[in-house]
Amino acid sequence: MENLSIAIQKSGRLSEQSLDLLKESGISLANGNRKLLSAARNFPLEAVFLRDDDIPQYVFDGVTDVGIVGENVIMEKGFDLQITERLGFARCRLSIALPKSEEYKGIGDLDGKRIATSYPEILGTFLHENHLDCEIHEISGSVEIAPGIGLADAIFDIVSTGSTLISNGLKETEVVMQSEAVLVARKELSEGAREILEKLIFRIRAVQKSKNNKYILLNAPNDKLDDIAAVIPGMKSPTVMPLAEEGWSSVHSVLNENDFWDVIDKLREFGAQGILVIPIEKMIT
Ligand code: ATP
Ligand code: ZN
């Protein structure tokens, strides 16, 4: 039977969560110790462990069929790949930052500056689109120290919390792109590989959905059941079962994480008691 090969970062910010995602999708890799190659025991998949910068090229060239990598790296490398699923981890943004003492009134203030970055392509496109003429200094690693040592006037780099910028005396002035880990595929995949990919995506979606939802159980007075059902409609409609105590029912449903506290407040208003909220492991709609 055919296999789907997937490129995963060997060691770095994407590695752990990429492997967790496969694991939660019920795919266990034969050796956890990240040799170059590792075959799954219970799914037609083979993982190849690489540096994240190499993943777009390897997928594009067909060395592997798919890969998990940051959108920023996809954009920078510029290969024509298909983003098949956004994975919601390794969220960050790529921003331009200036020394905090520098006055900044708007994007025009960047004109003529020397900007240090590991992402010359993304930066170049941004500068071009904004009709800015800057000098791009490509450096790999520790970009944030460049202004301090006089190597550049500004930087363009990954920001997540902003604490690295602050500790280097910099301030974020323009957000150029948002990024998260994505599952990318080569555009031309064999039919067999495409079928396995569909199965993998189906599993990933079930895992993602379950993370955004909770199972909720509560006791409700019967005269408030309609109000309560309207607040927690669930996947189809809530399950309602009579309690042994007259006039009360047990209500089971599914609740979106984002609505959580609003919904809980309403449920309490309607007299719900004994509310239990339980994580869901997989969710298929
Ligand atoms: P490699 O050794 O594989 O080349 P690397 O050092 O280039 O690794 P990492 O630092 O592991 O890369 O980052 C991998 C990806 O994680 C980045 O391309 C980006 O998408 C994301 N990322 C980087 N820094 C952060 C951060 N501080 N917060 C969230 N996501 C981040
Ligand atoms: Zn890298």
Side-chain angles (χ1 to χ4, degrees), residues 5-24 29 31-38 46-61 63-64 66-98 115-126 136-148 154-185 204 208 211:
S5 56
I6 184 167
I8 289 174
Q9 188 187 23
K10 188 174 171 62
S11 108
R13 287 176 185 272
L14 300 166
S15 311
E16 223 48 58
Q17 280 163 293
S18 302
L19 291 172
D20 285 351
L21 182 65
L22 292 180
K23 200 160 148 198
E24 288 161 350
L29 295 172
N31 58 351
N33 60 351
R34 296 187 209 157
K35 292 185 183 149
L36 177 62
L37 284 176
S38 169
E46 182 175 61
V48 181
F49 297 99
L50 300 167
R51 279 199 60 205
D52 71 337
D53 312 65
D54 297 334
I55 291 176
Q57 168 113 49
Y58 274 59
V59 175
F60 185 76
D61 289 345
V63 178
T64 67
V66 300
I68 296 178
V69 66
E71 267 177 303
N72 53 319
V73 175
I74 298 287
M75 286 278 287
E76 180 62 24
K77 302 294 174 186
F79 295 104
D80 188 20
L81 298 170
Q82 187 193 358
I83 293 184
T84 55
E85 197 69 20
R86 313 180 72 77
L87 300 174
F89 60 85
R91 282 184 197 278
C92 58
R93 52 192 189 273
L94 271 71
S95 297
I96 297 174
L98 290 174
I115 309 178
T117 187
S118 320
Y119 297 92
E121 294 299 325
I122 298 173
L123 177 60
T125 304
F126 176 79
I136 298 176
H137 283 250
E138 183 176 354
I139 51 177
S140 54
S142 303
V143 170
E144 65 282 355
I145 65 166
I155 67 161
F156 173 61
D157 202 9
I158 289 178
V159 181
S160 64
T161 61
S163 59
T164 308
L165 293 183
I166 292 170
S167 60
N168 284 280
L170 300 168
K171 62 179 174 192
E172 190 174 1
T173 53
E174 292 292 332
V175 177
V176 174
M177 79 170 282
Q178 305 280 345
S179 178
E180 65 187 273
V182 291
L183 179 68
V184 284
I204 289 174
Q208 308 270 72
K211 283 189 182 161

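Reckoned from all heavy atoms, side chains included, excluding hydrogens, waters and symmetry mates. Counting starts at 1 for both ligands and their atoms, following the listed order.
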Starting from atom 16 (O) of ligand 1, find the nearest protein heavy-atom neighbour and note its residue, name and distance.
R13 CB, 3.8 Å
Donor-acceptor contact below 3.5 Å, side chain R51 vs main chain Q9:
no
Counting non-hydrogen protein atoms only, what is the nearest one to atom 2 (O) of ligand 1? Give residue, atom name and distance.
R51 NE, 3.8 Å
For ligand 1, which atoms sit closer than 4.0 Å to a heavy atom of S160?
26 (C), 27 (N), 28 (N)
What pair of heavy atoms forms the shortest contact from S179 to G70, and how long is it?
OG-C, 4.1 Å
Look at atom 18 (O) of ligand 1 and say which protein heavy atom is nearest, naming residue and atom and giving the distance to 0.1 Å.
N72 ND2, 3.0 Å
Closest N/O/S atom of D52 to the Zn ion (ligand 2), by atom name?
OD1
Determine which of the N, O or S atoms in D53 is closest to the Zn ion (ligand 2) and give its atom name.
OD1
Note: I158 and Y119 closest approach over all heavy atoms is CD1-OH, 3.4 Å
Is the shortest side-chain heavy-atom distance between I55 and V73 below 4.5 Å?
no
Nearest heavy-atom neighbours spanning Q208 and L21
OE1-CD1, 4.3 Å
Has Y58 got more than 12 heavy atoms of other residues, nucleotides or ligands less than 6.0 Å from its OH?
no
re atom 9 (P) of ligand 1, the protein heavy-atom contact at minimum distance is Q9 NE2, 3.9 Å
Which atom pair, heavy atoms only, marks the closest approach of S95 to V159?
CB-CG2, 3.9 Å
Which ligand 1 atoms are under 4.0 Å away from a heavy-atom of G12?
11 (O)
Is it the case that the side chain of S160 and the backbone of C92 share a donor-acceptor pair, with hydrogens and angles ignored and the cut-off at 3.5 Å?
no
Mark yes or no for whether S140, through its side chain, and S118, through its backbone, hold a donor-acceptor pair below 3.5 Å.
no
Taking only heavy atoms of R91, which atoms of ligand 1 are found under 4.0 Å from at least one of them?
28 (N), 29 (C), 30 (N)
What is the closest protein heavy atom to atom 4 (O) of ligand 1, and at what distance does it sit?
D53 OD1, 2.7 Å
Ligand-side contact atoms (ligand 1) for residue partner V73, heavy atom cut-off under 4.0 Å
18 (O)
For atom 6 (O) of ligand 1, is the nearest protein heavy atom closer than 4.0 Å?
no
Of the protein's non-hydrogen atoms, which lies at the shortest distance from atom 14 (C) of ligand 1, and what is that distance?
D52 OD2, 3.5 Å
If the cut-off is 4.0 Å to any non-hydrogen atom of G70, which atoms of ligand 1 fall inside it?
20 (O)
